[in-house]
Amino acid sequence: MAQPKKPACPNFSSGPCAKRPGYTPAALADATFGRSHRAPLALNKIKDSMAMTKEILKIPADYHVAMVPASDTGAVEMMMWQLLGPRGVTVCHWESFGGGWWTDASKELKLSKITNKNADFGSLPDLASVDWNDDVVFTWNGTTSGVKVPNGDWIPDNRAGLSICDATSAAFAMDIPWSKIDVLTFSWQKCLGGEGAHGMLVISPRTVARLESYKPERPIPKIFRLTKKGKLDKAIFNGSVINTPSMVCFEDYLDALKWAKACGGLDGLIARSMRNFGAIKAFVDKTPWIEFLAKDPATTSNTSVCLVIKDLSKAQVKTLTSLLERNKVAYDIGSYRDAPAGLRIWCGPTVETKDVEALMEWVGYAHDKVKSGDVKKMRIVVTDGLAPGAIKALQQAGHEVVKKKISKEDLAAGALAEWDAIIIRSATKLTKAVINAAVSKPGSKFRLAARAGVGVDNVDLEAATAAGVMVVNSPLSATNSVVELALAHLLSQARFIPRADRAMREGKWPKSELVGHELSGKNLGFIGFGRIGQALGRVARAVGMNVHVYDPFLPDSVIQQFGATRHATPLDVFRACTHITIHAFLSPQTKHMVNADLIGAMPGVAPDGTKCGNHIVNCGRGGIIDEAAAAEMLKTGQLRSLALDVFETEPVGKTPLFESANFQGTPHIGASTIEAQNRVGAEIAGAVIAALDGSAPPGNLVNKAVQPKFAPAKARL
């Protein structure tokens with residue numbers, strides 16, 4: 001079966017939810033940036049949004065509407081804290097957030113007379129048995145269970161208690177019978193696809209009477225207070241919000257409200273949501289292995305639609321949702337963390353029905369792949385360390401990940417045959433013999449080598465390509481860290497920082513001996529001007545250095561962006577520059593490229609006349625510099641200083657470089673920062689996940705010729 005067409009918009013999250021169709025940030029052009037929310041322009045926007053809310057939701061004229069802090073959660077809790085106490089309280093809940101209101105009432109407010117009406121996921125409690133002498137807290141629609149109340153018939157018009165309704169995933173997509181509601185809350189981020197952190201509160205005259213007649217003994221925080229001198233603070237419901245809001249978010253909400261009106265108001269929004277729900281229902285009706293979590297069709301939500309896949313395990317469902325996300329079909333549609341394993345697909349009004357239809361075709365396609373075993377768990381070995389977040393990402397994608405060292409002897413004996421993939425850094429060497437030993441074993445799984453870093457010179461690319469083993473790397477993640485280390489070495493060379501530190505530790509004060517030089521005005525030559533070289537080039541220009549480049553692969557347009565001087569050969573760069581930095585890959589052509597002849601050609605005198613000597617930094621690949629020749633040049637003084645983070649042999653043993661006081665070394669720590677390790681891990685995990693899905697990871701695939709061999713009929717999606 002061919003892959004179905006993907007949805008145009010893969011955003012099916014149940015919060016924050018998809019923006020309206022056609023939305024762009026241009027909708028925020030009229031936002032009152034940098035203005036007080038009390039200024040007339042901003043205040044009018046707040047008032048307009050409240051008025052439009054009231055109009056679209058058909059809220060009665062004598063009800064009050066306000067924006068309050070902390071999203072829907074804040075709106076519910078501010079009313080529970082202020083209203084509950086004079087009567088008994090019943091909490092009706094059948095999903096996660098409703099359960100939170102029960103916890104608030106029983107554990108935080110510690111109400112003495114409280115009734116718990118709850119039900120398992122998929123069902124409603126016995127609403128007909130609710131005692132309406134109590135105040136009743138409930139959700140209209142269970143966002144995490146996909147179960148809604150079918151109507152308001154269970155709420156009597158002559159109730160003694162107040163009905164306090166959390167309608168965050170119902171407002172603007174379900175019909176609310178206002179005569180049955182005393183308090184209703186929601187947030188912008190659900191059915192209208194607005195931004196988070198802002199809650200909406202609607203209260204009835206009965207609620208106003210309670211607020212003005214009941215003063216709780218408990219303290220009421222400022223952000224919860226709706227009364228002033230015992231009376232309703234009407235200013236809050238007339239645009240004077242309790243705390244400072246985001247006027248950008250208000251602008252976004254106004255845009256959504258205008259779109260809602262253009263859709264035909266509440267009736268049009270409900271119709272859009274029902275069409276989306278209908279697309280899922282049509283799929284469920286014809287598909288035997290899937291069903292709604294809601295047991296009663298009359299209670300099935302038309303916004304947060306929860307589904308159970310009957311013939312897949314929890315792990316397989318997770319594999320299915322990960323597969324949909326990696327293929328950019330649907331984001332965030334796994335069931336809520338404490339709900340039964342399955343899918344939760346948002347079908348609110350901002351979602352397009354054609355996208356829901358396309359998604360369901362993909363759900364069917366992905367289900368069949370997972371069920372048939374075409375999508376299977378892969379075994380990945382990590383030999384040189386990897387950030388915990390990367391390992392977690394691989395495990396969440398359904399793979400088995402094992403951290404272990406594999407000896408050279410075991411590698412040579414074909415130990416990688418039992419693994420689908422290996423993730424390495426610099427220490428593990430994947431030679432031709434290692435690769436061939438792995439792939440030649442009967443039943444070998446080995447298909448992917450991932451280098452958590454930029455350079456892949458510890459992988460025999462020719463052998464990997466011939467064997468059909470894909471090689472991926474993470475070229476983006478360590479750029480900043482390597483650039484900063486190279487700059488640190490340049491500065492240390494210029495100011496003799498390592499020598500000064502050693503001398504002081506020996507009790508010396510060699511101030512007059514350590515006269516350094518500025519980097520400004522000096523020529524810095526780049527051997528290789530890729531991503532890292534260019535990033536360092538920007539820094540070098542910022543401190544006043546002149547950039548010279550040898551890189552035969554870059555177009556002139558890139559060089560010109562830096563105002564750099566291009567050279568035809570490495571020798572030309574060395575002749576022109578007192579400072580050299582290496583950013584090339586190691587290859588037979590670049591091994592020992594930097595030798596006595598090149599170093600001997602360096603001028604020692606900067607263009608500004610400063611006799612600063614010659615300085616070389618290598619934070620690229622070891623082996624490009626002939627270390628024996630460089631050590632000799634340090635002795636003669638032709639090379640004033642040498643800074644290496646990478647070496648021909650690592651770890652470094654005895655070397656003549658250590659005999660020079662003007663040598664400074666670091667043990668291959670270019671990418672050894674917290675930030676780089678996290679980025680490297682995330683990038684390589686993404687590359688591995690994509691590669692094991694049978695798709696080429698953009699920007700990460702090193703030996704592109706392998707890809708056709710890697711995607712047989714039964715490769716992962």
Side-chain angles (χ1 to χ4, degrees), residues 50 53-54 57-93 97-98 100-102 104-105 108-109 111 114 117 127 130-143 148-149 152 154-172 174-188 190 198-216 218 220-221 223-227 231-234 236-237 241-242:
M50 298 303 105
T53 299
K54 203 165 185 178
L57 291 179
K58 305 177 184 178
I59 298 171
D62 57 351
Y63 280 52
H64 300 272
V65 179
M67 189 286 293
V68 296
S71 196
D72 176 70
T73 301
V76 174
E77 292 192 331
M78 74 186 304
M79 299 314 296
M80 291 179 67
W81 258 247
Q82 291 180 92
L83 297 176
L84 300 185
R87 290 179 171 273
V89 174
T90 296
V91 180
C92 301
H93 62 99
F97 294 106
W101 310 143
W102 162 254
D104 276 349
E108 301 299 331
L109 294 176
L111 299 171
I114 183 169
K117 293 279 187 181
L127 299 179
V130 171
D131 181 358
W132 280 98
N133 288 308
D134 285 357
D135 295 324
V136 180
V137 181
F138 69 100
T139 53
W140 192 273
N141 179 76
T143 309
K148 67 180 181 181
V149 295
W154 59 288
I155 305 173
D157 291 332
N158 63 344
R159 60 192 176 276
L162 298 177
S163 62
I164 302 171
C165 177
D166 169 3
T168 194
S169 57
F172 295 104
M174 299 178 193
D175 191 28
I176 305 294
W178 289 105
S179 66
K180 309 287 186 178
I181 302 297
D182 294 305
V183 174
L184 185 129
T185 66
F186 63 92
S187 64
W188 298 344
K190 297 292 187 182
H198 297 71
M200 293 295 291
L201 174 65
V202 183
I203 61 174
S204 72
R206 298 181 73 241
T207 301
V208 175
R210 172 72 66 83
L211 288 167
E212 293 181 345
S213 64
Y214 171 61
K215 183 175 175 58
R218 68 186 73 95
I220 303 297
I223 61 169
F224 280 9
R225 293 177 207 151
L226 293 177
T227 59
K231 295 294 183 182
L232 182 72
D233 188 350
K234 292 185 178 179
I236 294 173
F237 298 89
V241 293
I242 295 174

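Hydrogens, waters and symmetry mates are skipped; everything else that's a heavy atom, side chains included, is used.
The two atoms that bring Val202 and Val65 nearest to each other are CG2-CG2, 4.2 Å, heavy atoms only. Here the closest heavy-atom approach between residue Arg225 and residue Ile220 is recorded as NE-O, 2.9 Å.
Judged as a side chain to side chain contact (heavy atoms under 4.5 Å, CB included), and not counting sequence neighbours, the contacts of Asp62 are Pro60, Pro205. Under the rule for a side chain to side chain contact (heavy atoms under 4.5 Å, CB included), Lys215 has no partner lying at least two apart in sequence or in another chain. Every residue meeting the salt bridge (Lys or Arg N to Asp or Glu O under 4.0 Å) condition with Lys58, not counting sequence neighbours, appears here in chain and number order: Asp267. Shown here are the side chain to side chain contact (heavy atoms under 4.5 Å, CB included) partners of Lys234, two or more places apart in sequence or in another chain: Leu232. For His198, the side chain to side chain donor-acceptor pair (under 3.5 Å) test picks out no residue, with sequence neighbours left out. The ring-ring contact (aromatic ring centres under 6.0 Å, His included) test applied to Trp154 returns Trp132, Phe138, not counting sequence neighbours.
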- Message: With side-chain contact (heavy atoms from CB on, under 4.5 Å) as the criterion, how do Val183 and Leu162 come out once you've worked through the C-alpha distance, each side chain's angles and the decisive distance to 0.1 Å?
- Response: CA-CA 8 Å; Val183 174; Leu162 298 177; 5.5 Å; no

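Among residues at least two apart or in separate chains, side chain to side chain donor-acceptor pair (under 3.5 Å) pairs with a member in residues 133-143 are Thr90-Asp134, Asp131-Asn133, Asp135-Arg210, Asn141-Ser169, Asn141-Ser301, Asn141-Thr303, Asn141-Ser304, Thr143-Ser169. Annotation: salt bridge (charged side-chain N to carboxylate O under 4.0 Å, His left out) contacts involving residues 174-188, sequence neighbours excluded, comprise Asp157-Lys180, Arg159-Asp182, Asp182-Arg206.
For the pair Ile236/Leu226, a side-chain contact is recorded, criterion being any heavy-atom separation below 4.5 Å from C-beta on. Looking only at side-chain heavy atoms (C-beta outward), Ile114 and Trp102 come within less than 4.5 Å of each other. Between Met50 and Phe237 the shortest side-chain heavy-atom distance does not fall below 4.5 Å.
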Residues 66-79 side chain polar contacts: donor-acceptor under 3.5 Å, at least two apart:
residue	atom	partner	partner atom	Å
Asp72	OD1	Thr185	OG1	2.7
Asp72	OD1	Phe186	N	3.3

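A distance of 5.5 Å separates CH2 of Trp81 from CD of Glu108, quoted to the nearest 0.5 Å. Within the model, atoms SG of Cys92 and CH2 of Trp101 stand 14.5 Å from one another, a figure rounded to the nearest 0.5 Å. The distance from atom CG of Leu184 to atom CD1 of Ile59, rounded to the nearest 0.5 Å, is 7.5 Å. Summarising the geometry, atom CG belonging to Leu109 is positioned 5.0 Å from atom CG belonging to Leu111; distances are rounded to the nearest 0.5 Å. The distance from atom CD1 of Ile155 to atom CG of Leu127, rounded to the nearest 0.5 Å, is 8.5 Å. With rounding to the nearest 0.5 Å, the separation of CZ in Arg218 from CD in Gln82 is 9.5 Å.
In this structure, the side chain of Tyr214 engages the main chain of Leu84 through a donor-acceptor pair within 3.5 Å.
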